[in-house]
Amino acid sequence: MRHLRLPSGGDLPVLGQGTWGMGERGSDRAAESAALRHGLDLGLGLIDTAEMYGSGGAEEVVGEAIDGRRDEVFLVSKVFPHNADRRGAVEACERSLRRLGTDHLDLYLLHWRGGTPLDETLEAFEELRDNGKIRHFGVSNLDTDDMRELWGQDGGSDCAVNQVLYNLTRRGIEFDLLPWCRERELPVMAYSPIEQGRLLGDPVLGRVAERHGVTPAQIAIAWVLAGDGLCAIPKAATRGHVEENHAALEIRLSEDDLAELDAQFPAPDRATPLDIL
């Protein structure tokens, strides 16, 4: 496993396991938990979840998967914006910890920007960090102006990660947000790196995949991982899908591959609003 260095110290795996959509149906929970455990067996220790996913159900699935294996996991969860005030974020984190069956998170993120002032959320994050409930804090779905505002707050530059939508069809962050983060050596965590499967029928992506003898999904993940300061958290709910995602770590795209993908999925030439799913 390759790693990125967090600004606040410590290492972030470049490939992990997402859980958006897990914990919504009781009949799927055993398979979902087994898939996450299989990912741990393969070294995919970064697991991303949120209190929003399945109304806490995804956190419960993760808790089952990591039971007895907490030391193998870089565990990430996220707080709703409406819970992100000084008291609310602390209470939300404690509920997440109970569902996850652990006493701390490795990374706690503000899920998206809401009406709570950033300084209140930062105060809650600092309290949680001081009390050992979280090791690092960060944000999700914050655009460049939001990040500048965050950096202007006391403690805002302690932010460890910005998690955003990024894939071959969603490249808007390359114009301003991604360079801004790279200048500050702030890792960017890409969610939905295969656009929830919607880009997989593209003929050019398929042609590149065929040359490498892999699947289009693996090429889409490898493309994200080829960028500086980026990690990816694709979801996988079956053992086979987990193994497919893991194998993307071994793919090295050539300059010709990248040029062909750039031609089919052009980089932005102007600033655009941040895409969010």
Test salt bridge (charged side-chain N to carboxylate O under 4.0 Å, His left out) applied to R171 and D176, D269, D262, the passing residue: D262

D143 (side chain) donor-acceptor with D145 (main chain) under 3.5 angstrom: no

Aromatic plane relationship, W180 with W151 - under 30° parallel, 30 to 60° tilted, over 60° perpendicular: perpendicular

L186 versus C159, closest heavy-atom pair with distance: CD1-O, 3.3 Å

Main-chain N/O of L142 paired with N162 side-chain donor or acceptor, under 3.5 Å: yes

Gap separating the CG atom of D158 from the CG atom of L6, nearest 0.5 angstrom: 12.0 Å

Side-chain donor/acceptor of H3 to backbone N/O of M1, under 3.5 Å: yes

R86 and its salt bridge (charged side-chain N to carboxylate O under 4.0 Å, His left out) partner, picked from E123, E91, E126: E123

Interatomic spacing from CG in L110 to OG in S140 - rounded to 0.5 Å: 8.0 Å

From CA spacing to verdict: side-chain contact (heavy atoms from CB on, under 4.5 Å), Y53, E59: CA-CA 8 Å; Y53 301 164; E59 290 180 325; over 6 Å; no

Candidate pair L277 and Y191, rule side-chain contact (heavy atoms from CB on, under 4.5 Å), full reasoning: CA-CA 9 Å; L277 286 180; Y191 71 83; 4.2 Å; yes

Spacing of H82 atom NE2 and H111 atom NE2 [to the nearest 0.5 Å]: 11.5 Å

Flag side-chain contact, heavy atom, 4.5 Å: V164 against V188: yes

Non-hydrogen side-chain atoms of L168 and D202 separated by less than 4.5 Å: no

Salt bridge (charged side-chain N to carboxylate O under 4.0 Å, His left out) against E60, all qualifying residues, sequence neighbours excluded: R29

Rounded distance [0.5 Å steps], CZ in R211 versus CG in D256: 7.0 Å

Evaluation steps, side-chain contact (heavy atoms from CB on, under 4.5 Å), between L253 and H212: CA-CA 9 Å; L253 298 175; H212 285 264; 4.0 Å; yes

For E185, all residues meeting salt bridge (charged side-chain N to carboxylate O under 4.0 Å, His left out), sequence neighbours excluded: none

E183, CD atom: more than 12 neighbouring heavy atoms under 6.0 Å: yes

Heavy-atom pair of closest approach, residues L225 and V14: CD2-O, 3.2 Å

Beyond-backbone contact of R113 with L118, side-chain heavy atoms, under 4.5 angstrom: yes

R198 atom CZ: more than 12 heavy-atom contacts under 6.0 Å: yes

side-chain contact (heavy atoms from CB on, under 4.5 Å) between V79 and F137, intermediate numbers included: CA-CA 11 Å; V79 60; F137 67 80; over 6 Å; no

Carboxylate-amine/guanidinium contact R239 D41, below 4.0 Å: no

S8 side chain to A160 backbone, donor-acceptor under 3.5 Å: no

Common cluster, L36/L40, ILVMFWY with side-chain heavy-atom separation under 4.5 Å: yes

Check: T19 side chain, D48 main-chain N or O, donor-acceptor pair, under 3.5 Å: yes

Interatomic distance, D11 atom CG to R2 atom CZ [nearest 0.5 angstrom]: 13.5 Å

Side-chain donor/acceptor of K78 to backbone N/O of T49, under 3.5 Å: yes

Minimal non-hydrogen separation, P187 against R5, with atom names: CG-O, 3.8 Å

S192 backbone acceptor or donor facing N167 side chain under 3.5 Å: yes

Residue pair G54 / E24: nearest heavy atoms and the distance that separates them: CA-CG, 3.9 Å

Note: R252-D257 ion pair, threshold 4.0 Å (strictly below): no

Flag side-chain contact, heavy atom, 4.5 Å: P234 against L15: yes

salt_bridge(D106, R70) N-O dist < 4.0 Å: yes

Side-chain donor or acceptor of E51 paired with backbone N/O of F80 under 3.5 Å: yes

Joint cluster assignment, L165 & F175, ILVMFWY side-chain distance < 4.5 Å: no

Shortest non-hydrogen contact from A236 toward N245: CB-ND2, 3.5 Å

Contact check, side chains of L105 and L97, non-hydrogen atoms, under 4.5 Å: yes

Atom of G23, atom of V61 and distance for their closest heavy-atom approach: CA-CG2, 3.8 Å

E64 side-chain N/O to A30 backbone N/O, donor-acceptor pair under 3.5 Å: no

Side chains of S33 and R37, donor plus acceptor under 3.5 Å: yes

NE2 on H246 to CG on L42, rounded to 0.5 Å: 5.0 Å

Residues forming a side chain to side chain contact (heavy atoms under 4.5 Å, CB included) with D28, sequence neighbours excluded: R25, E32

Neighbour count >12 (heavy atoms, 6.0 Å) for atom CG, D130: yes

Check: Y166 side chain, I173 main-chain N or O, donor-acceptor pair, under 3.5 Å: no

